[in-house]
2 protein chains.
Amino acid sequence: MIVAVAQVGIAVGEVDANREAGAQAVAEAAALGAGLVVLPELSDSGYVFSSADEARELATPVDASATLARWHTLARDHGLVVAGGFCELGDDGLLYNSAAVVTVFTPGDGPPPVVELPFGRVGLMICYDLEFPEWVRLAALDGAELIAAPVNWPALASAPENEQPPEVIKARADAAVNGVFVAVADRCRVERGVAWVSGSLIASPDGAPLAGPVLADRAAVLAAECDLALARDKRVSDHNDLLADRRPELYTRLSQ
Amino acid sequence: MIVAVAQVGIAVGEVDANREAGAQAVAEAAALGAGLVVLPELSDSGYVFSSADEARELATPVDASATLARWHTLARDHGLVVAGGFCELGDDGLLYNSAAVVTVFTPGDGPPPVVELPFGRVGLMICYDLEFPEWVRLAALDGAELIAAPVNWPALASAPENEQPPEVIKARADAAVNGVFVAVADRCRVERGVAWVSGSLIASPDGAPLAGPVLADRAAVLAAECDLALARDKRVSDHNDLLADRRPELYTRLSQ
């Protein structure tokens, strides 16, 4: 199956235009034959809010989200799955930096969410989630074969020349230590002075990039053939198994 | 303080020659001004044993280990700390793939070991340990500022052209997700048909290589200035902290 990630330029507050850019990218991914396409974090609202009030004005409840409705239509029309980030106004009145897997199939539930899809099991992470090995491991233990990650990676530090930035290295290691595919959709275009890593990539279960990282401030749709069944085999040699070789009895301190 | 890693060619069974090669590398590291030098895994015995009996013949109890005695002399004479792997015959009669921090100071204790040294706190990991994010995290939670890792990374798979192999990516991510220095000493020279990644490197707390990875089948001593105090600050932005942002209450499943 072909996985795609869409690096999209997003402007804070321009929800309609942002949604349209995302939809356009999904259509491009569909044309590449993708069965799953990942969009960036907060891909409808933008990210660099000037106040909580501004974010609140841009947030919508799930039931009233034009973004989710649009993704649903796209998923149905193109026969693919959309995983993306959006700005949610919760039932509890709080604001959430949310991600959804939008599919014509019924999604599963649980923290972190792992969704059973016809082509395999897809875990969903947003941005900073990827930087916590514990969290990614939980998805792998739940059987995730691919991690779909909408992100907004601010360009905090510049990587040394010829080196990939830490966010990319972490995402590749997330793939390699868990033996899963990782599909990251980052954004581009400076927003209120914040630049982005623009590091969209698709990593194989051994951590190698199948597509990307882009590392350029431009929109891009990346696609790669991903056989998710490969991620079910955690053996890395005749004597080594990424999950079976864990020593859970030694890890109690991690949850203390 | 300057950290060094020594990529050493080792021949299985040639314990005296191997020990000498390690000692030579430690002297080179000392000449570079190193305060800590990391040697590979099983650096006295070699690795690709043809039988358990062969390994047993090459193993020594800690108290009788000429390797540890030599490292102790080197540590004292050069005023540095040696962290390396050796083949241990345990008090229980079992064979161990062990690592030691040899210093004129009294080492600490605990799994994984983190040793308080004059220049900072050094955690000790062997090889495959680095591929378990849980284990590395435990050392970070115990205050390790640098992970010293003697390894023998067999070259199981070839990385795509222009890409670093998964072991290197994992070690760099270990550094980046925990905000610690990671110093890996790998080996070189094919042993009984087993080639090595030869990926010795020193990574900074943001995952960038300060020296290496070598990625060539040759002996090498790498050295880099490492200010271990930098690894005490886990903030990666005004709003993000690598350890404080953990959610331990969500990680109970990791130890089940």
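Chain naming here is simple, since letters A, B, ... match the order of the sequence lines and numbering starts at 1 in each.
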Can you give me the closest heavy-atom contact between [X] and [Y], atom names plus distance?
| X | Y | result |
| --- | --- | --- |
| B/Arg172 | A/Gln164 | NH2-O, 3.6 Å |
| B/Phe132 | A/Asp241 | CZ-O, 4.5 Å |
| A/Pro166 | B/Asp206 | CB-O, 3.3 Å |

Worksheet item: Any side-chain heavy atom of A/Asn240 sitting closer than 4.5 Å to one from B/Glu131?
Response: no
Item to complete: Just do the side-chain contact (heavy atoms from CB on, under 4.5 Å) check on B/Arg137 and A/Arg137 with the steps written out, would you?
Response: CA-CA 13 Å; B/Arg137 182 70 106 194; A/Arg137 183 70 107 195; over 6 Å; no
Fill in: Exceeds 12 heavy-atom contacts within 6.0 angstrom, atom CZ of B/Arg247
no
Practice prompt. Kindly check if the number of other-residue, nucleotide or ligand heavy atoms within 6.0 Å of CZ (A/Arg235) is above 12?
Written response: no
Only pairs of heavy atoms separated by less than 4.5 Å count here; which of [options] has the most with chain B?
| options | value |
| --- | --- |
| A/Leu242, A/Val136, A/Val236, A/Asp174 | A/Leu242 |
| A/Leu141, A/Leu130, A/Val168 | A/Leu141 |
| A/Lys170, A/Gln256, A/Glu134 | A/Glu134 |
| A/Gly207, A/Ala176, A/Ser237 | A/Ala176 |

Worksheet entry | Whether B/Arg246 side chain and A/Leu254 backbone form a donor-acceptor pair below 3.5 Å | yes
